[in-house]
Enquirer: 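Take a look at this one; I'll ask things after.
Read the numbers this way: they start at 1 and go in the same order the structure lists the ligands and their atoms.
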Amino acid sequence: MKVTISVIKADIGGYPGHETVHPDVVKVVREYLAEAKKKGMLIDFFVGWCGDDINLIMTHAKGVDNKEIHKLAWDAFVAGTVVAKKLKLYGAGQDLLKDAFSGNVRGMGPGVAELEFEERGSEPVLVFMMDKTDPGAFNLPVYRMFADPFNTPGLVIDPAMAGGFSFEVFDTIEGRKITFKTPEEMYAMLAFVGSRSRYVIKRVFPGPNNKVSEKEAICCVSTDKLSQVAGTYVGKDDPVGIVRCQSGLPSVGEALEPFSFPHLVSGWMRGSHQGPLMPCSMEQAIPTRLDGPPRVVCLGFQLANGTLVGPVDIFKDVSYDYTRAKANKVAEYMRRHGPFEPHRLPEEDLEYTNLPKLQERFKSRFSKI
Ligand code: F6R
Ligand code: MG
Ligand code: MG
C-alpha cells in the first residue's frame with residue numbers, strides 16, 4: 001500500500017511571547033483534523049508541538065504536494081489562529097503570510113516535509129520537530145545518520161547499506177539543487193553542506209542494492225525560508241524532518257545518535273545567534289533561556305496501513321540527560337560572548353538587525369584609513 005506522511009508546521013501564536021503553544025489552540029487544530037479524518041481525507045494524524053510551533057503529522061493516500069491536504073493544514077492553522085487572536089497570544093497567525101490559500105502551503109509561511117512510499121512489512125518512522133533554529137540545523141545530523149560510519153555502524157556491517165545513500169541538496173540562495181552520492185562524493189558534499197545557512201539537505205535516497213527502491217525518498221526536511229517569502233525577518237524557520245528507519249535504512253538508534261551531540265545551530269534569540277541544539281521531550285520543549293537554547297523533539301511511530309501507532313516521545317529517555325547537561329554548559333559558554341561573534345551570527349546571516357540603519361547613520365563619520 002502506498003502511503004504519504006505529510007508534516008506541516010506553523011507558528012500561529014505563542015505564550016508567553018515565543019515560548020510555547022496554548023492548549024486551547026492545539027485543541028481546535030486537533031478537532032479540525034479529526035473532522036477531516038472522519039470524512040476519510042486523512043488515514044490518521046497526530047498534532048505535536050515544539051516550542052511555539054504546531055506540527056501537523058498526517059497520513060493519507062493522496063501523495064506529496066496534494067492541494068486538499070495542504071488546504072486542510074492551512075484551514076486548521078486559520079482555525080487555530082482565531083483562538084490565538086482571542087487569547088491575544090503573541091504573534092497570533094504569524095506564519096500565515098498570505099491572505100488566502102493558493103493551492104500549496106509552500107511559499108505561504110508554513111514549513112512542509114513529506115514522503116510518499118510503499119509501506120513495508122513493518123515501517124518505523126521518526127518525526128523531528130525543531131524550534132528556534134533553521135533548516136540548516138538538520139545538515140549535520142542527517143549527514144551523520146546516512147553517511148558517517150562512526151555514527152551508523154550499519155554502513156560498515158549491514159550489506160543492505162553497502163551501496164551508501166544519495167543526498168539531494170538545495171542551494172537556498174540561488175534556488176537550485178544538486179544530488180551527491182555517498183560515500184563516493186562525501187568530501188565534496190561536506191564542502192557544501194558545511195555552509196548550513198546556504199546549502200541544506202532536502203531529501204535522502206537509498207543507494208543501489210538497498211531493500212528500499214533508489215527512487216523512494218527515505219528522509220525529507222522542510223527547507224522553507226520565511227524571510228524569502230515575506231521579504232523581511234518574520235521569525236526563524238523552525239524546521240521539521242521525517243526519517244524512515246530499519247531494514248537497510250539507519251536503525252532508530254542510528255538515526256537518533258547524532259542528536260546525542262548538541263551541535264551549534266543558528267537561531268536562538270531573535271534568530272540571530274549560534275547555540276547548542278538541545279534534544280528534549282515535547283513537555284520540555286519550552287525554550288525560555290534567552291528564548292532558547294534551540295530545541296529538537298522526536299516522535300517515533302510505527303505505521304500500520306497508514307495508521308500512526310504511537311507516538312513515543314523519544315528524547316524523554318534519560319540517556320539524553322548528559323546531552324542536555326552539555327547543551328546547558330555550551331549555552332552558558334556561548335552566552336558569555338554577548339553581542340560578539342560567534343555567538344551573534346555574522347552580518348550576512350543576521351535576519352534581525354538594525355545594522356544597515358546604523359551603517360547609514362554613521363556613513364558620513366567614516367574616513368579613509
Ligand atoms: C526567535 C524568536 C524569539 C524572538 C524574540 C523577539 O526565533 O522567536 O527569540 O525573535 O522574542 O521577538 P519580537 O521581535 O517579536 O519581540
Ligand atoms: Mg514565535
Ligand atoms: Mg518557533
Side-chain angles (χ1 to χ4, degrees), residues 7-23 25-26 29 47-56 73 77 80-81 83-85 87-97 105 108-113 127-138 196-197 221-241 264-280 282-298 331 334-335 338-339 343-345 349-355 357:
V7 184
I8 304 186
K9 53 92 24 188
D11 175 351
I12 52 170
Y15 100 108
H18 291 278
E19 314 298 281
T20 189
V21 296
H22 194 284
V25 177
V26 173
V29 170
V47 179
W49 60 87
C50 180
D52 57 3
D53 294 284
I54 295 187
N55 298 261
L56 315 182
F77 288 136
T81 297
V83 180
K85 285 195 169 151
L87 296 170
K88 291 184 69 176
L89 296 189
Y90 195 72
Q94 73 161 49
D95 284 359
L96 308 183
L97 300 177
V105 290
M108 300 186 69
V112 188
V127 175
F128 293 93
M129 319 184 286
M130 296 185 184
D131 188 39
K132 306 292 184 273
T133 185
D134 65 11
F138 271 105
R196 57 168 162 65
S197 68
V221 174
S222 67
T223 49
D224 313 82
K225 286 238 172 196
L226 285 171
S227 57
Q228 281 164 3
V229 180
T232 178
Y233 179 82
V234 283
K236 265 289 173 198
D237 307 302
D238 302 341
V240 287
L264 291 175
V265 297
S266 302
W268 207 344
M269 173 53 72
R270 297 176 189 271
S272 302
H273 294 84
Q274 304 273 9
L277 185 67
M278 180 188 277
C280 62
M282 272 205 324
E283 199 189 325
Q284 293 171 316
I286 304 177
T288 60
R289 181 164 185 201
L290 200 84
D291 292 356
R295 304 294 158 119
V296 55
V297 169
C298 176
M334 293 302 281
R335 276 304 299 135
H343 184 30
R344 201 211 69 189
L345 293 184
D349 290 340
L350 275 179
E351 298 203 20
Y352 195 118
T353 177
N354 64 350
L355 256 175
K357 278 188 203 140

Enquirer: Working to 10°, measure the angle at the Mg ion (ligand 3) formed by atom OD1 of Asp131 and atom OD2 of Asp238.
Expert: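 Angle OD1(Asp131)-the Mg ion (ligand 3)-OD2(Asp238): 90°, rounded to 10°.
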Enquirer: Okay, side chain of Thr133, backbone of Asp238: is any donor-acceptor separation there less than 3.5 Å?
Expert: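 It does not hold such a pair.
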Enquirer: For ligand 1, is Gly271 a contact, meaning one of its heavy atoms is under 4.0 Å away?
Expert: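 Yes, Gly271 has heavy atoms under 4.0 Å from ligand 1.
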Enquirer: Please identify which atoms of ligand 1 are closer than 4.0 Å to at least one heavy atom of Lys132.
Expert: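 With Lys132 as reference, the close atoms of ligand 1 come out as 1 (C), 2 (C), 7 (O), 8 (O).
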Enquirer: So, for Trp49 and Asn55, which heavy atoms are closest and what is the spacing to 0.1 Å?
Expert: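 For Trp49 versus Asn55, the nearest heavy atoms are CA-ND2, 3.7 Å.
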Enquirer: Do you know which N/O/S atom name in Asp53 is closest to the Mg ion (ligand 3)?
Expert: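 In Asp53, the heteroatom (N, O or S) nearest the Mg ion (ligand 3) is OD2.
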Enquirer: Using the Mg ion (ligand 2) as the apex, give the angle to atoms OD2 (Asp52) and OD2 (Asp11), rounded to 10 degrees.
Expert: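 So the angle at the metal works out to 90°.
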Enquirer: Quick one: do His18 and Tyr90 satisfy side-chain contact (heavy atoms from CB on, under 4.5 Å)? Show the steps, please.
Expert: CA-CA 7 Å; His18 291 278; Tyr90 195 72; 3.3 Å; yes
Enquirer: Give the minimum heavy-atom separation between Pro276 and Trp268, together with the two atoms involved.
Expert: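 For Pro276 and Trp268, the tightest heavy-atom pair comes out as CD-CZ3, 4.1 Å.
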Enquirer: Under 4.0 Å from ligand 1, counting heavy atoms only, is it the side chain of Met269, its backbone, both or neither?
Expert: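 The part of Met269 near ligand 1 is both the backbone and the side chain.
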Enquirer: If you measure every N/O of Tyr90 against every N/O of ligand 1, is any gap under 3.5 Å?
Expert: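 Yes, Tyr90 has an N/O under 3.5 Å of an N/O on ligand 1.
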Enquirer: Considering just N/O/S atoms, say which atom of His18 is closest to the Mg ion (ligand 2).
Expert: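 In His18, the N, O or S atom with the shortest distance to the Mg ion (ligand 2) is ND1.
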Enquirer: Ion pair present between Lys132 and Asp52, side-chain N to carboxylate O less than 4.0 angstrom?
Expert: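 Result for this pair is yes, salt bridge flagged.
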Enquirer: Given side chains that start at C-beta, do those of Val21 and Cys50 come closer than 4.5 Å, heavy atoms only?
Expert: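 Val21 does not reach Cys50 side chain to side chain.
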